[in-house]
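These notes are about the structure you will find just below.
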2 protein chains.
Amino acid sequence: MFVSSKKRVELDDVDKKLMIELLRDARTSLRRLAEEMNVSPATLHNRMNRLIQEGVVRGFVALLDYTKLGYTLTSIIMVKVDGKHIVEFEKEVANSPNVVSVYDVVGDYDVILIAKFRDTEELDTFLKQLLKNPRVERTFTSIVLNTVKEDPRVRII
Amino acid sequence: MFVSSKKRVELDDVDKKLMIELLRDARTSLRRLAEEMNVSPATLHNRMNRLIQEGVVRGFVALLDYTKLGYTLTSIIMVKVDGKHIVEFEKEVANSPNVVSVYDVVGDYDVILIAKFRDTEELDTFLKQLLKNPRVERTFTSIVLNTVKEDPRVRII
DNA sequence: CTTGAAACGGTTTGAGT
DNA sequence: ACTCAAACCGTTTCAAG
């Protein structure tokens with residue numbers, strides 16, 4: 001759930017190709033890919049396990065269209081937090097099932113959250129909870145009118 | 001790649017359980033899950049295809065730890081765009097492989113982008129490209145110091 | 001729309017290199 | 001660390017309910 005250690009990792013062409021395929025389709029067949037790459041399925045299986053074990057691959061997830069599930073309200077919430085308690089605050093807020101991202105930034109605000117809700121009442125409750133937290137000095141919320149793109153896949157290599 | 005139609009969708013308990021499992025692990029075995037749920041694997045297979053076909057399930061992806069792949073720079077870029085050209089601008093910027101999210105918002109800025117880069121030079125080039133676009137009036141960029149959470153999974157139901 | 005059963009395809013293990 | 005091959009497991013199809 002949390003982003004872990006920052007240490008870089010060595011990847012050869014087999015790892016890279018495998019990751020690109022798993023990014024494209026996490027349910028892809030290792031056997032078919034192995035044939036395409038002229039390695040054995042067992043090799044890809046080993047590589048995949050190694051990548052998971054090293055934490056490069058954090059998991060395999062379904063991408064859902066949340067608007068079709070009633071989560072029509074996306075919000076970008078900037079939070080000014082009492083400097084001594086930013087880390088505790090971030091851990092707390094990251095546990096909320098509505099929060100998809102928690103970023104630590106510099107500037108007028110300290111933390112930027114992306115969170116999704118089914119309606120304004122859910123958002124309102126969430127914001128009131130935030131402001132009840134004595135560590136929170138102020139918040140500024142932008143409501144998303146339209147999600148043009150939301151895809152965790154960055155082109156690697 | 002783009003978020004599609006907003007029409008709500010009817011889901012029964014089988015669909016919901018299946019989606020929750022696919023959110024947790026996109027490579028989960030339908031046979032094992034079918035046994036757990038007392039339905040046939042063929043039913044889950046049909047349901048999964050229906051969910052994909054309806055667009056509720058947009059795809060299955062590997063979640064990667066981008067910091068381990070050298071993408072150590074996450075940025076939140078707010079953009080003020082000439083009102084008549086927001087949609088074209090958004091489509092253009094959504095095509096960039098560095099951009100993970102594009103949100104249309106109200107307020108001082110019109111568009112909020114989340115984008116990932118390997119270094120400040122990549123970010124600089126990206127920002128200069130943005131400002132070259134005559135549709136762009138101004139930008140404000142926050143650099144992410146620490147990504148505390150980044151997980152597309154919202155708790156559904 | 002669900003099922004059981006079969007056919008097909010995919011993953012995983014382990015011995016050998 | 002990779003491969004082969006076998007054993008095991010999972011998916012997909014389809015005829016029938």
Side-chain angles (χ1 to χ4, degrees), chain A residues 4-5 7-70 151-153 156-157, chain B residues 4-65 68-70 152-153 156-157:
Chain A
S4 55
S5 138
K7 194 134 127 282
R8 285 287 296 278
V9 138
E10 283 303 313
L11 299 165
D12 68 9
D13 289 350
V14 175
D15 294 316
K16 287 174 189 169
K17 185 88 204 295
L18 172 59
M19 275 198 308
I20 290 166
E21 284 300 308
L22 291 172
L23 264 189
R24 199 187 50 74
D25 175 12
R27 290 181 74 93
T28 199
S29 144
L30 300 186
R31 186 198 267 195
R32 185 197 50 71
L33 187 58
E35 195 160 338
E36 195 182 315
M37 294 172 68
N38 295 307
V39 293
S40 78
T43 298
L44 290 188
H45 182 247
N46 291 339
R47 295 303 188 98
M48 192 171 83
N49 287 344
R50 213 195 82 219
L51 290 168
I52 293 167
Q53 209 252 304
E54 282 174 324
V56 182
V57 172
R58 294 157 54 207
F60 303 101
V61 302
L63 288 187
L64 305 185
D65 183 338
Y66 286 106
T67 63
K68 290 200 167 126
L69 296 169
D151 194 308
R153 292 173 278 191
I156 53 172
I157 302 113
Chain B
S4 56
S5 139
K6 275 106 194 165
K7 194 133 128 277
R8 284 288 295 280
V9 138
E10 283 303 314
L11 299 166
D12 69 10
D13 290 349
V14 173
D15 294 315
K16 287 175 189 167
K17 185 86 206 295
L18 173 59
M19 275 198 308
I20 289 166
E21 284 300 308
L22 291 172
L23 263 190
R24 197 187 51 72
D25 175 12
R27 289 182 74 93
T28 200
S29 143
L30 300 186
R31 185 197 267 194
R32 186 198 50 72
L33 187 58
E35 195 161 336
E36 195 182 315
M37 294 172 68
N38 295 306
V39 293
S40 78
T43 298
L44 290 188
H45 182 248
N46 291 339
R47 295 303 188 98
M48 192 171 84
N49 287 344
R50 211 195 85 221
L51 289 168
I52 293 167
Q53 208 252 306
E54 282 173 326
V56 181
V57 171
R58 293 159 54 209
F60 303 101
V61 302
L63 288 187
L64 304 185
D65 183 337
K68 291 201 168 126
L69 296 169
R153 292 173 278 191
I156 52 170
I157 301 116

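Below, all heavy atoms of this structure are taken into account, side chains as well, without hydrogens, waters or symmetry copies. Proteins come first, then strands; the chains are lettered A, B, ... in the order of their sequence lines, and each starts at number 1.
Distances shorter than 4.0 Å separate none of the side-chain N or O atoms of A:Arg47 from OP1 or OP2 on D:dA1. One finds no side-chain N or O of A:Ser40 lying less than 4.0 angstrom from the OP1 or OP2 phosphate oxygen of D:dC4. Proximity of A:His45 to the phosphate of C:dT12: a side-chain N or O atom is located under 4.0 Å from OP1 or OP2.
Of the candidates D:dT12, C:dT12, C:dG4, the closest approach to any side-chain atom of A:Pro41 belongs to C:dT12. Closest to the B:Asn46 side chain, of the nucleotides C:dT2, D:dT11, C:dT12, is C:dT2. Considering only side-chain atoms of B:Ala42, the nucleotide from D:dT3, C:dT3, C:dT13 that sits closest is C:dT3.
Atom CG of A:Leu44 and atom P of D:dC4 are 13 Å apart (whole Å). Remark: C1' of D:dT3 and CG of A:Asn38 are 13 Å apart, rounded to the nearest angstrom. The distance from atom CZ of B:Phe60 to atom P of D:dG10 is 17 Å, rounded to the nearest whole Å. The CG atom of B:Asn49 sits 15 Å away from the C1' atom of C:dT2 (whole-angstrom rounding).
Between B:Val9 and A:Leu69, every side-chain heavy-atom pair lies at or beyond the 4.5 Å cut-off. Counting only heavy atoms from C-beta outward, the side chains of A:Val57 and B:Leu63 never approach each other to under 4.5 Å. Looking at heavy atoms from C-beta onward, A:Tyr66 lies in side-chain contact with B:Ile156 at the 4.5 angstrom threshold.
Residues satisfying the side-chain hydrogen bond (donor to acceptor under 3.5 Å, both in side chains) criterion with B:Glu36, sequence neighbours excluded, are B:Lys17, B:Arg32.
Across all non-hydrogen atoms, the minimal contact from A:Arg27 to B:Met48 is NE-CE, 3.9 Å.
Of the residues in residues 12-37 of chain B, those placing a heavy atom less than 4.0 Å from an atom of DNA chain C are B:Arg27, in numerical order.
Looking at A:Asp15 and A:Arg47, a side-chain N of the basic residue comes within less than 4.0 Å of a carboxylate O on the acidic one, giving a salt bridge.
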